[in-house]
Structures are given as structure tokens and as C-alpha cells.
Amino acid sequence: MEVVDHETPSLENGKTDKEVEENANVLQFMDSMDAYLTLIHSLSSTLRRGWLELASARHSMGASRVNTVLLDHTSHPAATSLLVTQDEGKVDSGKPHFTLCKWASSSNENSLLGEKQSSQDKLHPQLRHRGSTELYEEKTSSENKASREVDDPVQKERSKSLSMFGTLVSPKLRAAQLSFEAALETLVEIANMRSEMVCTFDQVNMKLAGRKDEK
Amino acid sequence: MDTVVGFLMAGVGNVDLRRKTNYLIVDSIKQIEDTFKEFTTREDIAVVLISQYVANMIRFLVDSYNKPVPAILEIPSKDHPYDPAHDSVLSRVKYLFSAESVASGRR
């Protein structure tokens, strides 16, 4: 139910609008801080899962096979990178935005499509085609070929990343890799939430400083 | 160490032609300081992940850093859980919730 006070003078309405804007900024700041803390909590649990899986892999493969000594020190670029853009056309245009490009060393399209196609590929596993008719194979092979072509570079990059631990690795190590990939995605969200939080904090701070100067 | 290994498995490791890496496994405080200064001035780094207990060793450096890019994210480590009270971003904004700031606003 709305209560409209028609007796309020226009000057007070201007101040009310200003207060409404300030309240909106404060609320936005509180929301971003809450989201930041929630994401940190989520990251902690994802990392714990990754550490546990890594410890399991070390237990099954041996400590000498899962070791920092085996890290690749030859020159190579990062397969996963970040794209940083500035929010254009907004008042807070200095706020950076981070986008994760996973396994993008082969091609950007493959890394973006690979994740979508891999879920479709799960519906048509290759094992199902063994012993099936030629016609069935012809129909499905073309769609699987497309999804495999896109998915292969991503899987190749994943395998290449694990190759420093040997050709045959424990399934727990692969699971740990996926956990840390999920942690990366959460970290990018945290980075974006952090920049929003800092931006709204600066706005609230400016308003507070302005209010103190008026007094 | 496990944190570094894990993220390297996720594909973020980079080694340039001079064999300089974009990661460091904790050694001495001096090396941590030098590496932090190097990573925060490199143009090919957008986010710096630092375990919070390592960040506490160079807290004065981390708290004095205020550029938007690269973003400094303090993360938990296996043996040291995350403490929001020590986070540099949260400690920067927490004064808004202190009694002193509320009292000064009311004057």
C-alpha cells in the first residue's frame, strides 16, 4: 500500500530522491559484499574437495609421481587465460570485468563450444555404436564427429596438462583437475564481485564525504 | 604447494622464454615480496591468487595495493582456512560498519 504525502514540498522531494539513491548504493554494496563472502565460502569447499582428491591421487600413484619436481619448466603458454574488459557506457567505467577462457590455446571457439558439446556427447557415448547397423552409424557419426572435433582439443589440453605426472594417471587426479577448474570459475566470479564491491564502496564513501563537507 | 599444483593442472601455468613462471611456491619472505611486486606490475597478469597465510607475511604490501588490475584475491590454503577479518578488501570496507563511523555520521 502506497502512502503519498502531497503536503511534502518539492525541495524535500529532491532530498528524498538523493537519499533513495544513497540507500540504493548502500544496498548494492551490502549485496555485493554478501555475494563475495558466499563465493569465498563456495571456493573453500571446492578447494577442499580438490585437495582431498589430489591427496587420494598421491596415495594411489605414489608421492614421487605427484610432486612439484615434475612441473614443466620448459617454455609454454598458459592454456587457460583471462579476458579483461572495461564496462563501457556506464558511470563506473573504471570497473574491470573478467572472463575466463578455459583451455583456449587451441582456439577460443573450441573452448567455448567444448563445454556445451561435451554435455551433448554424453548422451551419445561411443560405446553405444559398437555392433550397431551401418545406417545408424552413418546418421549418428556425423553429429558425433562434430562434437568430438570440438571436444577433442579441450580433452587434449586437459591430458597434456596431466602428462607431467605420467601417461596413465589415477582417476582421482583427473577429478582433482576438474575440481580446480571449478575453483577457477568461482575465482573469476569472486574477482568480478570484488571489483563491483570496491566500486560501490567508493560511491558510498564519496557520498559520506560529501555529507560531512555539507555539515 | 598442493594449491599451486592443482591450479597448474587446470591450465593456468605459464613459462616464458626466459623460463620465468607466473607462479611461486612459497620460499622466503623477501622472495614473496619481490614476486608480489613483479606480478602486480606485469601486463600479462590479470588476477593474482595468493594464499591468505602468505598474504599475512606481506600484509603491509597487500593492503597498500589499490589498483583494479591485476586483482589480488586471497584464497584459503590446505592448512590455513580463510579468515574474512584478514582479507585486505574486507578490512578496507569494514570501517563503514564500525561504531566510530556511525557516530561521526550522526554528529
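Throughout, a chain's letter reflects where its sequence line sits, starting with A, and its residues are numbered from 1. Please read these numbers as outputs of a predicted model, since none were measured by experiment.
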Colleague: With a 4.5 Å cut-off on heavy-atom pairs, point out which of Gly6(B), Ser77(B), Ala46(B) contacts chain A the most.
Modeller: Gly6(B)
Colleague: Would you mind checking which part of Asp87(B) comes under 4.5 Å of any heavy atom in chain A, side chain (CB onward), backbone (N, CA, C, O), both or neither?
Modeller: side chain
Colleague: Check each atom of Pro84(B) against the heavy atoms of chain A and say whether the ones under 4.5 Å are side chain, backbone, both or neither.
Modeller: side chain
Colleague: Tell me, side chain or backbone of Val69(B) under 4.5 Å from chain A's heavy atoms, or both, or neither?
Modeller: side chain
Colleague: Measuring from atom CG of Leu43(A) to atom CG of Leu73(B), what distance do you get when rounded to the nearest 0.5 angstrom?
Modeller: 9.0 Å
Colleague: Measuring from atom CE of Met9(B) to atom CZ of Phe180(A), what distance do you get when rounded to the nearest 0.5 angstrom?
Modeller: 6.0 Å
Colleague: Within the supplied structure, the quantity of interest is the number of heavy atoms (other residues, nucleotides, ligands) at a distance under 6.0 Å from Ile29(B) CD1; does it exceed 12?
Modeller: no
Colleague: With side chain to side chain contact (heavy atoms under 4.5 Å, CB included) as the test, would you mind laying out the steps for Tyr36(A) and Leu90(B) before giving the verdict?
Modeller: CA-CA 10 Å; Tyr36(A) 179 83; Leu90(B) 292 178; 4.0 Å; yes
Colleague: I want to check something: taking the side chain as every heavy atom from C-beta on, are Phe29(A) and Val93(B) in contact at a cut-off of under 4.5 Å?
Modeller: yes
Colleague: Could you check which of Leu47(A), Leu82(A), Leu54(A) has the highest count of heavy-atom pairs closer than 4.5 Å to chain B?
Modeller: Leu54(A)
Colleague: Determine, step by step, whether Ile40(A) and Glu74(B) satisfy the side chain to side chain contact (heavy atoms under 4.5 Å, CB included) criterion, reporting the C-alpha distance in whole Å, the side-chain angles of both residues, the deciding distance to 0.1 Å, and the verdict.
Modeller: CA-CA 9 Å; Ile40(A) 293 269; Glu74(B) 295 180 33; over 6 Å; no
Colleague: Chain A heavy atoms under 4.5 Å from Phe7(B): which part of the residue, side chain, backbone, both or neither?
Modeller: both
Colleague: Could you check which of Leu162(A), Leu187(A), Val84(A), Leu37(A) has the highest count of heavy-atom pairs closer than 4.5 Å to chain B?
Modeller: Leu187(A)
Colleague: Can His41(A) and Tyr82(B) be said to form a side chain to side chain contact (heavy atoms under 4.5 Å, CB included), step by step?
Modeller: CA-CA 9 Å; His41(A) 180 76; Tyr82(B) 175 79; over 6 Å; no
Colleague: Report the option among Arg58(A), Met197(A), Arg194(A), Gln177(A) that has the most heavy-atom pairs separated by less than 4.5 Å from atoms of chain B.
Modeller: Arg194(A)
Colleague: Check each atom of Leu49(B) against the heavy atoms of chain A and say whether the ones under 4.5 Å are side chain, backbone, both or neither.
Modeller: side chain
Colleague: Which pair of heavy atoms, one from Ser161(A) and one from Ala10(B), lies closest together, and at what distance?
Modeller: OG-N, 4.4 Å
Colleague: How many angstroms lie between OG1 in Thr3(B) and CH2 in Trp51(A), if you round to the nearest 0.5 Å?
Modeller: 5.0 Å
Colleague: Using non-hydrogen atoms only, which part of Ser44(A) is less than 4.5 Å away from chain B: side chain, backbone, both, or neither?
Modeller: both
